[in-house]
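Written out below as structure tokens is the structure these notes cover.
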Amino acid sequence: RRSSDLYRLRKEGERTCAIMAQCSTGKDGSRRDRPQAAAGVSKEEPLGEQNSVLFPPTFSVSEIKNKQRRHFMFLKLKQEKRKEKLAQRKKLKKERKALGDKAPPKPVPKTIENQRISDETTVDPADEEVTFDEATDEFASYFNRQTTPKILITTSDRPRGRSVRFTEQLSTIIPNSHVYYRRGLALKSIIPQCIERGFTDLMIINEDRKVPNGLVLSHLPDGPTAHFKMSSVRLRKEIKRKGKAPTEHQPEVILNNFTTRLGHSIGRMFASLFPHDPQFIGRQVATFHNQRDYIFFRFHRYIFNSEKKVGMQELGPRFTLKLRSLQKGTFDSKFGEYEWIHKRHEMDTSRRKFNL
């Protein structure tokens with residue numbers, strides 16, 4: 001019975017399309033203008049023309065009362081628009097091919113990125129103030145090659161299997177990193193011990209319902225401390241077409257699209273996790289890509305297939321970060337001074353405004 005009803009609705013929809021086509025075309029198949037009003041018809045016109053004026057001059061799919069028929073007509077109208085758009089695209093492509101070098105430039109599509117609201121804190125590399133701040137901030141000793149990164153990676157209390165595996169895989173891609181479990185210790189007691197043992201950064205992986213959902217990154221000994229929301233975590237086992245396990249070579253680091261003063265500080269914090277001189281023989285790359293204030297992390301190995309083509313293999317793990325707060329100094333949840341806090345109701349009023 002259901003199939004017969006759908007067949008009947010399809011036939012009624014096709015009949016409605018035929019009526020619409022008769023309204024817009026004449027007997028000879030040529031298209032004519034829509035009538036303005038039934039009262040304005042001349043008496044000298046043939047009977048067929050007078051009858052065609054009785055149909056409504058406009059037709060909208062939303063006027064159809066039957067829900068299933070309205071849905072069917074909407075899909076058919078959408079399909080016709082898609083065909084027209086594809087035909088127009090093929091026509092323009094053919095014209096551009098015929099014109100060759102004289103063809104006009106392609107129009108730039110509008111995206112949220114190129115329609116971004118300009119930020120007054122955007123960093124200019126030639127700015128003297130930015131250069132002075134970089135020479136005197138907490139990461140200056142790393143970029144002056146006075147310190148070597150040494151990372152301590154830990155978790156929340158009693159981590160589950162997925163968080164433990166993610167922590168172990170994270171330690172394989174960050175050179176000179178060590179994994180220790182909390183065992184009920186507070187962060188305020190862990191930080192002094194890290195400073196005494198020469199660690200330069202402390203990384204804490206938080207979890208909720210057995211899934212990693214947060215990252216706290218603290219630069220030692222003077223800070224700053226950043227708190228990120230973590231999502232879309234994929235371990236190596238869950239990545240399709242992955243490469244072999246990463247080697248012990250020091251990877252290259254790519255920091256992409258950190259343009260504001262806040263983003264510049266976050267980018268320098270990520271850069272200080274890795275050694276200065278990458279080992280290019282390993283062909284491994286760690287990428288932090290910022291897009292719409294979401295930081296996407298990927299770990300790849302590139303392979304030279306020929307002189308012109310390069311292949312990529314993702315090694316994993318992968319995850320996405322969203323900055324929640326940036327705090328001065330080391331971790332202090334009660335009396336810490338915050339440089340920046342994400343306030344959703346105040347900062348997320350426009351989709352075209354970004355902070356990083």
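Quantities reported herein were computed from a predicted structural model and do not represent experimental measurements.
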Show the atom names and distances, to 0.1 Å, of all donor-acceptor pairs under 3.5 Å that link a side chain in residues 152-161 to residues at least two apart or in another chain.
from: T154; atom 1: OG1; to: Y180; atom 2: O; distance (Å): 2.8
from: D157; atom 1: OD1; to: G184; atom 2: N; distance (Å): 3.3

Does [X] share a hydrophobic cluster with [Y], counting links as ILVMFWY side-chain heavy atoms below 4.5 Å and allowing steps through other members?
{"X": "L185", "Y": "I151", "answer": "no"}
{"X": "I204", "Y": "I195", "answer": "yes"}
{"X": "L326", "Y": "M230", "answer": "yes"}
{"X": "L217", "Y": "L220", "answer": "no"}
{"X": "I205", "Y": "V216", "answer": "no"}

Within a strict 4.5 Å, meaning less than it, do heavy atoms of the [X] and [Y] side chains meet?
{"X": "Y338", "Y": "T225", "result": "no"}
{"X": "H227", "Y": "Q327", "result": "no"}
{"X": "Y142", "Y": "T200", "result": "no"}
{"X": "E113", "Y": "Q291", "result": "yes"}
{"X": "P251", "Y": "P278", "result": "no"}
{"X": "K83", "Y": "Q79", "result": "yes"}
{"X": "L92", "Y": "Q88", "result": "yes"}
{"X": "I303", "Y": "Q313", "result": "yes"}

What's the spacing between [X] [atom1] and [Y] [atom2] if we round to 0.5 Å?
{"X": "F72", "Y": "L75", "atom1": "CZ", "atom2": "CG", "answer": "8.0 Å"}
{"X": "Q115", "Y": "S350", "atom1": "CD", "atom2": "OG", "answer": "11.0 Å"}
{"X": "D277", "Y": "E252", "atom1": "CG", "atom2": "CD", "answer": "11.5 Å"}
{"X": "E138", "Y": "S265", "atom1": "CD", "atom2": "OG", "answer": "8.0 Å"}
{"X": "M203", "Y": "S171", "atom1": "CE", "atom2": "OG", "answer": "10.5 Å"}

Name of the residue among R324, K322, K229 meeting side-chain hydrogen bond (donor to acceptor under 3.5 Å, both in side chains) with H342: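 Testing each of R324, K322, K229 against H342, the sole residue satisfying side-chain hydrogen bond (donor to acceptor under 3.5 Å, both in side chains) is R324.
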Cation-aromatic face contact R234/F319, 6.0 Å, 45 degrees: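 Verdict for F319: no cation-pi partner in R234.
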Short side-chain donor-acceptor distance under 3.5 Å, S163 and E207: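 On atom types as modelled, these side chains qualify, holding a pair under 3.5 Å.
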Non-neighbouring partners of H289 that pass ring pair (Phe, Tyr, Trp, His ring centres under 6.0 Å), sequence neighbours left out: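 For H289, no residue satisfies ring pair (Phe, Tyr, Trp, His ring centres under 6.0 Å) once neighbours in sequence are set aside.
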Partner residues of F304 under the ring pair (Phe, Tyr, Trp, His ring centres under 6.0 Å) criterion, sequence neighbours left out: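 Applying ring pair (Phe, Tyr, Trp, His ring centres under 6.0 Å) to F304 gives Y302.
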Using a strict 4.0 Å threshold on nitrogen-to-oxygen distance, state whether [X] and [Y] make a salt bridge.
{"X": "R261", "Y": "D127", "answer": "no"}
{"X": "K328", "Y": "E337", "answer": "yes"}
{"X": "R318", "Y": "E314", "answer": "yes"}

Minimal non-hydrogen separation, A226 against M269, with atom names: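 The answer is CB-SD, 3.8 Å.
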Contact summary for T287 and V285, nearest pair of heavy atoms: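 For T287 versus V285, the nearest heavy atoms are OG1-CG1, 3.8 Å.
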Salt bridge (Lys or Arg N to Asp or Glu O under 4.0 Å) evaluation trace for R268 with D133: CA-CA 12 Å; R268 288 170 65 86; D133 289 344; over 6 Å; no
Sequence-distant partners of D332, salt bridge (Lys or Arg N to Asp or Glu O under 4.0 Å), two or more places apart: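 Only K188 meet the salt bridge (Lys or Arg N to Asp or Glu O under 4.0 Å) criterion with D332.
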NZ (K150) with more than 12 external heavy atoms under 6.0 Å: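 For K150, atom NZ is crowded (more than 12 foreign heavy atoms under 6.0 Å).
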Qualifying residues under side-chain contact (heavy atoms from CB on, under 4.5 Å), relative to Q250, sequence neighbours excluded: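 Here the qualifying residues are P175, P275, Q279.
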From CA spacing to verdict: side-chain hydrogen bond (donor to acceptor under 3.5 Å, both in side chains), T111, R352: CA-CA 9 Å; T111 61; R352 298 187 295 114; over 6 Å; no
Can I get a per-line list of side-chain donor-acceptor pairs under 3.5 Å for residues 293-300, giving both atom names and the distance, sequence neighbours left out?
from: D293; atom 1: OD1; to: N355; atom 2: N; distance (Å): 3.1
from: D293; atom 1: OD1; to: L356; atom 2: N; distance (Å): 2.9
from: D293; atom 1: OD2; to: N355; atom 2: N; distance (Å): 2.9
from: D293; atom 1: OD2; to: N355; atom 2: ND2; distance (Å): 3.4

Centroid-centroid under 6.0 Å between H178 and F199 rings: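 Yes: the rings meet the under 6.0 Å criterion.
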